[in-house]
Amino acid sequence: MLTMRKYLFSAGFALLVAATSVSMTVMTPPAFASAIKYVVNDVPITSGDIAHRAAFLKLQRKKGDAAQEMIDQTLRLAEAKRLGIRISDAQVEAAYQRFATNNKMQLSQLDGVMEKSGVGKDHFKEFIRAQMAWNQALSARYRSGEGGSVTEQDAVRRMLDKGGAKPSATEYMLQQVIFVVPASERSATLAKRKREADAMRARFNGCNTTREFAKGLLDVTVRDLGRVLAPQLPPDWAEQIKATKVGGATTTRETERGVEFIGICSSREVSDDKTAQMVFQSEGSSDKAADELSKKYVDELKAKARIVKR
């Protein structure tokens, strides 16, 4: 599952790496019209959208149908929204910043690449949002069994192939802290709530004192998540949790609920039948499997969609 998630998130980014060094030679960005070309479930796709995606494909040195890619992206975003998946502007901006940093670029340089190539930073950021949302939708589908499952018999066979040794995995005891922000108050209070969450996170020194810290704070929810194996970690939190020491907390993140962080109460290595089954299932996922599952999912969405060409 985690392999699949990383593949889907990084694929669109990695394709740009080789292109950024040459894209700065593009001198003048093309001007794009904005006539509506398709309507996908009442969502318009303009000629400008398609032209930006065509420029994006060129920047990636990738062949493809720009119009079809925009139709697919629209369907993916709509499905993520239906599932209650929300990618905040802050998450998109952070990913955009990481892309610039990973390619040893300043934000202004990356903005320039996007502008001069005709892609535009807003189009690239919307692509990032769609990728992140689709990762979560696809991961949920995978966990539900669409990606295939490893039976106990499969796990035993693989253990025998490995000399009888059961694989181990890290088991975490986690605590979630949510500074609740109602949707109606989001624009007015989100920044203030983030400062409050950052302050509490900075004082975090273990799960035993969290509720004491939360006393006197308005609309703060503390949830004990119990024991979670590494392959079960939520995709959007997994990397931060793994990088955080016991007794510490992840950085704060804006979510649809407000501002959150996760405390790491404890961790240990475990090895049992359930762990073996889960680890082998995680190892069984592949880029090819992810690609096939994604295509199948999008094809299903297309079959039910209303797609009108203007």
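Quick note: numbers below take in every heavy atom, side chains included, and nothing from hydrogens, waters or symmetry partners. Quick caveat: nothing in here was measured; it's all calculated off a predicted structure.
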Quick one: does any side-chain atom of Arg193 pair with a main-chain N or O of Val259 as donor and acceptor, under 3.5 Å? no
Do Lys242 and Leu233 have side chains that approach each other closer than 4.5 Å (heavy atoms only, starting at C-beta)? yes
Please answer whether the main-chain N or O of Gln175 pairs with a side-chain N or O of Asp224 as donor and acceptor at a distance below 3.5 Å. no
Testing the basics here: between Tyr38 and Ala67, what is the closest heavy-atom pair and its distance to 0.1 Å? CE1-CB, 3.8 Å
If we ignore angles and hydrogens, is there a donor and acceptor under 3.5 Å between the side chains of Arg253 and Gln240? no
Under 3.5 Å, side chain of Arg76 to main-chain N/O of Ala130, donor-acceptor pair present? no
Which class fits the ring pair Phe179 and Phe261: parallel under 30°, tilted 30 to 60°, perpendicular over 60°? tilted
Hydrophobic cluster membership, with links at side-chain heavy-atom distances under 4.5 Å among I/L/V/M/F/W/Y: are Leu77 and Leu301 in one? no
Do Arg129 side-chain atoms and Ile87 backbone N/O form a donor-acceptor pair below 3.5 Å? yes
Where the side chain of Gln60 meets the backbone of Phe56, is there a donor-acceptor pair that is under 3.5 Å apart? yes
Between Asp111 and Ser108, is any side-chain donor less than 3.5 angstrom from a side-chain acceptor? no
Residues Glu260 and Thr252: side-chain donor-acceptor under 3.5 angstrom: no
If I compare all heavy atoms of Ala305 with all of Leu75, which pair ends up nearest, and what's the gap? CB-CD2, 3.6 Å
Around atom NZ of Lys192, are there more than 12 heavy atoms of other residues, nucleotides or ligands at under 6.0 Å? no
Which atom of Val246 lies closest to which atom of Ser267, heavy atoms considered: CG2-OG, 3.4 Å
Strictly distance-based, threshold 3.5 Å: is any side-chain N or O of Glu185 a donor or acceptor partner for the main-chain N or O of Pro182? no
What one should report as the nearest heavy-atom pair of Leu110 and Ala100 is CD2-CB, 3.8 Å
Between Phe213 and Leu225, is there a shared hydrophobic cluster once you connect ILVMFWY residues whose side-chain heavy atoms come closer than 4.5 Å? no
Would you say the side-chain atoms of Ser47 pair up with the backbone N or O of Ala35, donor to acceptor, closer than 3.5 Å? yes
Do the non-hydrogen side-chain atoms of Thr221 and Arg257 ever get within less than 4.5 Å of each other? no
Can you confirm whether Lys125 is buried at NZ, in the sense that more than 12 heavy atoms of other residues, nucleotides or ligands lie under 6.0 Å from that atom? yes
Closest approach of Ile264 to Lys245 (non-hydrogen atoms, all atoms of both residues): CB-O, 3.8 Å
Any side-chain heavy-atom pair of Glu256 and Ile85 under 4.5 Å: no
Are Asp122 and Met114 side-chain neighbours, meaning at least one heavy-atom pair lies under 4.5 Å? no
Quick one: does Thr209's side chain have a donor or acceptor within less than 3.5 Å of a partner on Glu212's backbone? no
